[in-house]
Every structure is written in structure tokens, then in C-alpha cells.
Amino acid sequence: MDKVYDHRKYEQKIYSLWEKNGAFTPKVDKSKNPFTIIMPPPNANDPLHVGHAREVATQDILIRYHRMKGNSTLWLPGSDHAGIETQYVFEKKLREKGKSRSDYDRDTLYNMIWDYVKDNTGVMEKQLRQLGASCDWSRFKFTLDEKIIKIVYKTFKKLYYDGLIYRGERIVNYCPLCGTSFSQLEVNYIEKEDELYYLDYETLTIATTRPETIFADVAIAVNPKDNKYKKLVGKAAKIPLINREVPIITDRLVDLNFGTGALKVTPGHDPVDFEIGEKHNLSIISVIDMEGKMINTPEKYISMKASVAREEVVKDLEEKGYIKKRERLHHSVGVCYKHKTPIEPIVSKQWFIKVKPLAEISKAALKKGEVKIVAKKYDKIAHHWLNNLKDWNISRQIVWGIRIPAWRCDKCLEWTITDGVVPKNCVSCGHEKLIQDPDTFDTWFSSGQWPYATLLAQSRISNFQFPISKNDKAKFEDFDYFYPTSVMNPAYDILPFWVIRMIMLGLYATTRVPFKIVLLHGLVRDRFGVKISKSKGNVINPIEMINKYGADSLRMASIWGSLVENDSSLSEDNIRGQRNFANKIWNAARFIFLESVAKRGGYSKAPTTKNSYDLKIIKQLRVTTKKVTRLLEKYRLNEAAETLYDFFWNQFANDYLEKTKSRRKDAQKILDFVLQESLKLLHPFMPFVTEAIWQESKNRFNNTTLISSSWPK
RNA sequence: GGGCGUUUAGCUCAGUGGUAGAGCGCUUCGUUCACAUCGAAGAGGUCGUUGGUUCAAAUCCAACAGCGCCCACCA
């Protein structure tokens with residue numbers, strides 16, 4: 001053994017050894033309890049960041065622990081096509097070449113993105129291996145795998161025929177730059193100073209920040225309790241510049257203290273106004289199109305960009321004396337989470353999921369404890385979302401994704417929904433000319449089905465219908481055995497996007513929760529607790545750290561110092577400290593291996609001894625084992641890691657080991673035993689160095705691998 | 001405007017009723033003996049503030065203050 005542990009010499013070799021032995025691939029074994037984690041699938045074409053490193057470390061610790069405990073343990077890896085993210089990155093590349101998405105037809109564009117993603121295939125997977133992820137590669141799934149798509153279609157079809165999906169002309173959050181709509185969750189809000197214009201509508205004055213939308217006004221609303229307008233209700237107001245009359249109505253949504261207390265109702269371009277419009281049966285006028293350009297306005301504004309039109313309209317209003325007052329207004333506006341540019345609320349026809357019934361069954365499952373959220377603070381947030389989610393817009397106007405299996409009849413305009421098969425005839429009128437909706441699903445719609453989709457896709461059976469209930473057992477192999485999965489461990493920031501939708505769709509499609517435990521994890525911050533971002537220049541590259549200090553060190557450092565559910569701070573100092581610990585373990589072993597082995601093949605229980613130091617370290621080992629086990633069961637990984645660190649370095653190496661130097665031969669069996677047990681306890685946390693030592697021990701312990709040894713009791 | 005969380009050693013964080021903890025950093029000394037990616041010793045905190053409950057509070061409760069995050073229909 002070398003004087004210093006050199007991770008570069010061992011990590012790759014050890015990982016291959018595990019793979020060669022099939023250590024990651026569990027068997028469906030009814031005599032054992034399953035333990036399953038479905039890995040949150042990283043983006044297929046992105047390298048991992050340090051947050052992934054923490055997530056991988058967390059899951060791999062749980063996985064290795066359960067595997068050693070004797071569960072049939074499955075960690076299913078996968079990757080996500082990440083619709084919008086990927087198309088966004090790809091379009092940026094196109095722009096660099098002076099091209100845009102509109103230069104290509106749908107299929108060409110799709111194939112180009114497919115090729116682009118394929119070029120990056122394997123990067124993320126290689127990095128997972130470098131991190132030591134003991135996931136079952138034979139079950140790897142991609143969100144665009146044929147079988148996955150088929151399952152997503154089945155879910156959609158069932159939702160449709162159950163009346164839980166409707167195609168609605170509704171106001172959607174549209175980003176003109178992305179060229180697609182979003183759900184409520186993809187909209188961010190930023191604080192902003194804007195001009196608030198008080199406009200003369202003849203009968204009264206209204207205040208607005210968006211004068212370019214006055215042409216889309218269909219009413220003026222005042223609060224029913226607002227006395228100053230009581231006598232105007234039912235009368236008409238006149239839109240400036242075009243002199244179109246609109247009725248004055250009442251609605252309690254109007255804030256009587258804002259502006260003049262009178263609101264111009266523009267259902268075509270404002271979510272609240274849309275709601276008011278629905279209630280009062282108002283018509284909808286659109287004056288901004290999908291490209292963010294003006295339509296249905298007086299000639300001079302037509303096809304101006306909305307922001308330009310605003311200036312022009314203001315100028316004209318000013319000239320004609322319609323602007324009575326201007327104010328600066330500090331407010332928040334919705335922006336695209338990618339571009340940070342304003343979201344344009346526009347009305348369009350899209351597919352929506354009725355969320356309420358699904359939220360109700362999810363709440364019931366939480367209440368019954370079928371699914372538990374480990375940190376109660378997140379349980380509260382989950383309930384907040386379940387109570388506040390609106391109908392979910394799942395249509396995206398992009399090509400990179402799963403195309404919606406909906407065909408519209410050219411004759412009767414009715415929709416035919418299938419589970420992917422191109423229909424020959426319209427279900428309503430039998431007409432033969434049908435046109436498929438060009439839109440794709442929101443990525444979260446497919447990843448919301450990930451736990452059951454990945455397991456079902458492994459099955460040989462594909463001609464089934466949802467829902468699958470408990471009684472359909474003994475058909476689907478993996479799914480029957482591993483579902484519901486044990487732990488789901490994503491970052492807390494995707495709780496509403498992903499976790500809640502998995503619960504909703506899982507319960508809907510399989511009558512069971514997709515996982516029993518939700519263990520949300522925090523974000524990795526830099527050593528000052530500041531959020532990591534490229535612009536701040538505090539990015540920690542996990543692969544660089546692995547090359548420098550070894551995967552064990554990065555893993556250990558990334559879970560060190562804070563609870564799973566909290567944000568953690570990571571610094572190179574910390575990683576280096578863990579590298580030192582790995583070296584400490586290595587050298588303690590090296591010291592122990594200097595003396596010939598006392599008993600080949602290892603120990604199944606503590607050797608007998610009367611020496612008081614021996615007895616003390618055996619007791620300390622027992623206490624540590626119990627404590628670490630208990631902490632792992634409670635997902636308190638940092639405390640478990642810290643307990644082990646203290647035990648091995650202080651109690652074992654510094655205290656006990658020093659004291660054996662004068663009675664080396666006599667103590668050898670205890671040294672071998674405590675090292676053997678320590679390596680097992682440390683293995684989930686630092687798999688490489690511990691396995692490297694195990695392999696170097698030359699049958700001192702036993703002749704198999706550490707990864708497949710059993711957890712100490 | 002709501003909600004959630006947080007405030008403990010220089011830094012980053014554990015500790016959830018019983019004499020203040022870890023890592024990193026710092027100081028001093030040591031080290032041909034497994035490891036300088038080492039060892040020994042040490043400095044450093046009235047646990048945000050004020051009240052309350054309790055034999056006992058960093059820990060439970062209330063109020064206040066600072067910080068952070070999330071949500072929201074101020075047009």
C-alpha cells in the first residue's frame with residue numbers, strides 16, 4: 001500500500017469491479033423487502049453541477065446502506081429531455097449561426113435537437129459513475145424512450161376520457177421570446193418601477209400601466225361597495241382614441257383604493273380581467289399576437305412591438321389630452337423564468353388538466369400518511385400548493401418534447417385522442433382528414449409520471465390500461481415489486497413542479513402513491529452561504545473537485561455540516577478536510593496491515609478479549625454502530641457522517657490505535673475486527689477508499705466485495 | 001399584503017428540556033515510530049432582544065428586531 005491514498009489509482013477500477021459483479025442490479029426477490037429510489041433525472045445534455053453531487057451522495061448513501069442491510073435495492077437512473085431548457089439552449093446556438101427556429105420545419109428542427117442531445121449523451125452518465133453512484137444502469141430510462149412516451153400517452157388519454165383534461169380558450173402565460181406558453185409555476189415576478197397613466201374615459205378616469213391594451217377593453221369595472229361610482233354603474237365609458245363605448249360594471253375583485261378605483265377590463269391580456277370577463281360573459285379582444293406584435297388596433301399601431309406601441313399610444317393620448325395624470329408605480333410584474341422578460345398574458349386554446357380532483361386525492365394520501373414529507377416545513381408548503389394550484393396548462397408551443405396525441409377533425413373540428421396511434425377517422429363524425437395538434441407536453445407532465453413510467457417501461461407487457469391497481473399484481477415484474485417506491489429525494493425548489501404532480505398523477509394512474517417518503521434536499525451554497533451562480537463566479541465544478549481530491553471527499557463534504565433538507569455551504573477547505581480523512585482511513589488500515597492477519601476471512605462478531613482498551617473500543621464501536629444506524633433511518637446523514645468521523649479518527653486512530661503499539665500482536669485481532677466494521681459503516685459515505693482498502697486487505701476480511709457485505713449490527 | 005424559515009465560537013453549520021458542540025480557520029509546542037493529507041495542548045460563545053412556562057430553557061410559548069425564501073388579482 002502506498003503511503004498516501006491516491007484516489008486516481010483506484011476509483012475507476014473499483015467502479016468497474018462493482019459493475020462487473022452486478023452489484024447495482026437487484027433481483028425481484030419476494031423473500032426480501034425492496035428499497036427503491038427513482039433518481040430525479042438530470043437534463044440529458046447538461047453536465048452535472050455541484051448540487052447534483054450532493055443529491056447523488058445523499059441517495060447513494062441511502063442506497064448502499066439499504067443494500068448492505070439486505071434489502072433488494074434499486075436505484076433507477078434516467079435522464080430528462082427537459083423540453084424548454086434544451087430548446088432554449090439549442091435556439092441560442094442557432095442564433096449564433098444567424099438562424100432561428102422558424103428557418104426549419106418541425107421535423108427538421110426536432111431531429112437537429114435530437115442530434116444535439118445525442119452528442120452530449122454519456123457526459124452526465126459518466127459523471128454519475130465518477131461520483132460513485134451505485135445505480136442500476138441496466139434499467140436506465142430517458143424521458144423520450146418509446147415505452148415511456150407510450151405510457152405518457154396512456155395517462156393523457158385516460159385523463160381526457162375521464163373528463164380531467166379539457167381544451168380551453170383561456171388566458172395563458174406567454175413568453176414571446178420563448179414562443180411558448182407556460183403554466184403558472186414557470187412565471188417569476190420581479191419588482192419594477194413603471195408609469196401609471198390616468199386616462200380619461202369620459203364618464204370616469206381609469207389608471208393603467210398598459211395603455212397599449214386599451215383597444216382590447218371590453219368594460220370598466222368598479223367595486224360594488226364604491227359609493228363614488230354607484231350612480232355610474234350600467235352607464236357607458238368611452239375608450240380614448242377609438243371612441244368605442246364599453247359598459248361600466250361592478251366586480252369585487254376591483255381594489256377601490258388603487259388608482260381611481262376604476263379598472264379597465266381587458267380579458268384578452270390580463271389574468272384578473274379574464275376572470276372578470278368570464279364571470280360577466282364579456283367578449284375577448286386580442287390586440288397582441290403570439291409574436292408580441294399589435295393586432296386589431298387602429299392602422300398605425302398594427303404590427304408594432306407591444307413595447308413600441310405603448311410609447312406611440314402614450315404620445316397620441318398625450319397630444320389629444322387624454323392623460324390626466326402620471327404616477328410612478330412600484331409593482332411586480334410576471335417575467336419569463338428563462339429570459340427574465342415580461343410574460344405576455346394572451347388568450348389561446350391549450351390543453352388544461354383540472355387540478356382540483358387530483359389535488360384532493362393527494363391531500364387525502366398525505367393525511368393518511370401514505371406519503372410522508374420528512375421535514376414538516378415542506379409538508380406545509382405542499383399543502384399550500386395543493387390548495388392553490390390552478391388548472392395546469394400542459395401545452396407547449398415547442399417541438400422538443402412529446403407531441404400531444406390529439407387530432408382535430410378537419411370537418412367537424414372535434415378532437416380525437418388516442419394513446420399514440422394515428423387515428424384513421426374522427427371519433428365524432430368519422431371524417432378521414434385529421435390534423436395533429438402541433439404542441440408538445442409540458443416536460444413536467446411526463447416527468448410527473450416518472451416513478452410508475454420507469455418501472456412499467458421495464459415490463460414486457462405494454463398493452464394495458466390505466467388505472468393499474470394493487471389487484472393487477474403479478475404482471476408487471478419490476479412495477480409490482482418496487483412500486484410504490486421508498487424515497488424521493490429532489491431539491492426543495494421543485495416541490496410544486498414535480499413532487500406534487502408525481503403524487504397527483506401517480507395516485508390517479510396507479511391508485512397508489514408513487515413513493516412513501518419525500519426527502520427534499522437543500523441547495524448547495526458557497527462557503528459564505530451565498531447562492532452559487534455563474535455570474536457570481538463562485539461555481540464549484542464537481543468533476544474538478546473529484547480529480548483533485550477524490551469522489552469520496554466531495555461526497556462527504558457535500559453532505560457534511562447541514563441536514564439534508566437545509567441549504568449547505570461547501571468550500572474547497574471542507575473537501576480537502578475530507579480528503580485528509582480518507583487518507584487517515586487509508587493509513588490506519590496500512591498500519592493494521594503491517595502485522596500479519598490474526599484470522600483469515602474476517603469476523604462475524606467481536607473477538608474475545610480481556611484487555612480494557614480492547615473492551616472500550618469494542619463498546620465504542622457498538623455505540624457508534626447503533627447511533628449511525630439510527631441516524632440513517634432518520635435521514636440525518638450529516639450527523640451520521642460526523643459521528644463516524646469522530647469515531648474513526650479520534651476514538652479508533654488517535655486513542656486506541658496508539659495504545660496498541662506496545663502490545664501489537666496481542667491486539668491484532670481487535671484491530672482487524674474494528675477496521676472491518678468501520679469500513680462497512682463508512683462505505684456508504686466513502687465507497688471508493690473503503691472498497692479499495694477492502695480489496696487491498698487480501699482476504700483479511702472476506703473474499704467478496706465490501707459493497708455486498710452486510711451492515712453491522 | 002400573506003405564509004414559511006432562520007438568528008449558537010472568526011466562517012459554515014449540528015444540537016429541540018438537564019453542567020455549550022463539529023469541521024474549517026487561529027495560537028503554541030511536537031513529530032525518523034501508519035499518516036505533516038500528522039500528533040499534543042490551547043484561545044474563542046452571557047446560544048438575536050425582551051418577557052413568560054418550568055426545579056431546570058440554546059431547546060417550549062409570546063412579542064419585537066435583523067436576515068432569507070416562497071406565494072399573491074396593486075390593474
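On a predicted model such as this, the values are computed, not experimentally measured, just so you know. Heavy-atom basis, side chains included; hydrogens, waters and symmetry copies ignored. Lettering of chains follows the sequences in order, A, B, ..., and the numbering in each one begins at 1.
- A heavy-atom distance below 4.5 Å is found between the side chains of A:Ile540 and A:Met545.
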Should A:Val313 and A:Met294 be marked as a side chain to side chain contact (heavy atoms under 4.5 Å, CB included) after you check the CA-CA gap, both sets of side-chain angles, and the distance that decides it? CA-CA 12 Å; A:Val313 171; A:Met294 304 303 289; 6.0 Å; no
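- For the side-chain hydrogen bond (donor to acceptor under 3.5 Å, both in side chains) test, no residue two or more places apart in sequence or in another chain qualifies with A:Glu544.
- Here A:Tyr5 lies out of heavy-atom contact (under 4.0 Å) with every strand.
- Judged by distance alone, the side chain of A:Asn574 and the main-chain N or O of A:Leu570 form no donor-acceptor pair under 3.5 Å.
- Residue A:Trp385 has its side chain nearest to B:rC71 when only B:rA75, B:rA34, B:rC71 are considered.
- Applying a 4.0 Å cut-off to non-hydrogen atoms, the residues of residues 583-592 of chain A that approach RNA chain B are A:Asn583, A:Lys584, A:Asn587, A:Ala588, A:Arg590, A:Phe591, listed by residue number.
- Annotation: proximity of residues 623-634 of chain A to RNA chain B (heavy atom, distance under 4.0 Å) is found for no residue.
- Nearest to the side chain of A:Asn566, among B:rA75, B:rA34, B:rA14, sits B:rA14.
- Using a 4.0 Å heavy-atom criterion, one finds that A:Leu563 contacts the sugar-phosphate atoms exclusively.
- As judged by a 4.0 angstrom heavy-atom cut-off over every strand, A:Gln184 is placed among residues touching the sugar-phosphate backbone only.
- For A:Asp270, counting side-chain heavy atoms from C-beta on, the closest listed nucleotide (B:rG25, B:rC35, B:rA75) is B:rA75.
- As rounded to whole Å, 14 Å separates atom C1' of B:rC24 from atom CG of A:Asp526.
- Close to B:rG39, at under 4.0 Å from its OP1 or OP2, lies a side-chain N or O of A:Trp649.
- When heavy atoms are screened at a 4.0 angstrom cut-off, A:Arg579 is found touching base atoms of the nucleic acid.
- In this structure, A:Arg590 contributes its side chain and A:Tyr5 its backbone to no donor-acceptor pair below 3.5 Å.
- The side chain of A:Lys3 approaches B:rC35 more closely than any other nucleotide in the set B:rA14, B:rC35, B:rA75.
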